[in-house]
Amino acid sequence: AAPKGGGGQLPFKVLLTQVQALEIYRQRPLDAVAGANRSTEVADQYGVSPKTIRDVWNRKTWVRVTRPEWAPGEVAAYLQDSTRRSKHMIPGGRSPDGSGGGSLEGGSP
């Protein structure tokens, strides 16, 4: 049966593994214009939405897993973005991906 709601998306949330998140991050285009189309292609490969892919690429999710792949400028930009670090926090001081917010040290993904 086809997924409900059209668009080929599954009717429930699909979680990525750490390995998948790293694979996705490594596929990020360095050209922002190319990224819009590429996120749809990668999303189809993993069965998630293009926004999920862009969130990995833009360091909004899976921070701890992808951090070793970041360029020095990406680290600086992430640390300066205090809004991002606090916006995605959930009770207990953790982000939805378990990254602990703005910290780049230790812990789970």
Sorted by chain and number, sequence neighbours left out, salt bridge (Lys or Arg N to Asp or Glu O under 4.0 Å) with E74 holds for R28, R59
Taking salt bridge (Lys or Arg N to Asp or Glu O under 4.0 Å) as the test, write out the residues that go with R54, two or more places apart.
none
What are the two closest heavy atoms between A21 and V56, and how far apart are they?
O-CG1, 3.6 Å
Identify the two heavy atoms, one from P50 and one from S39, that lie closest to each other, and give their separation to 0.1 Å.
CB-OG, 3.7 Å
Using atom types as modelled and distance alone, determine if a side-chain donor or acceptor of W57 lies under 3.5 Å from a backbone N or O of I24.
yes
Side-chain (T66) to main-chain (W62) donor-acceptor, under 3.5 angstrom:
yes
Side-chain heavy-atom pair Y25, R67 within 4.5 angstrom cut-off:
no
Heavy-atom distance under 4.5 Å between the side chains of Y78 and V63, does that happen here?
yes
Partner set under side chain to side chain donor-acceptor pair (under 3.5 Å) for E69, not counting sequence neighbours:
R26
When rounded to the nearest 0.5 angstrom, what distance separates CG in L16 from CG in L22?
11.5 Å
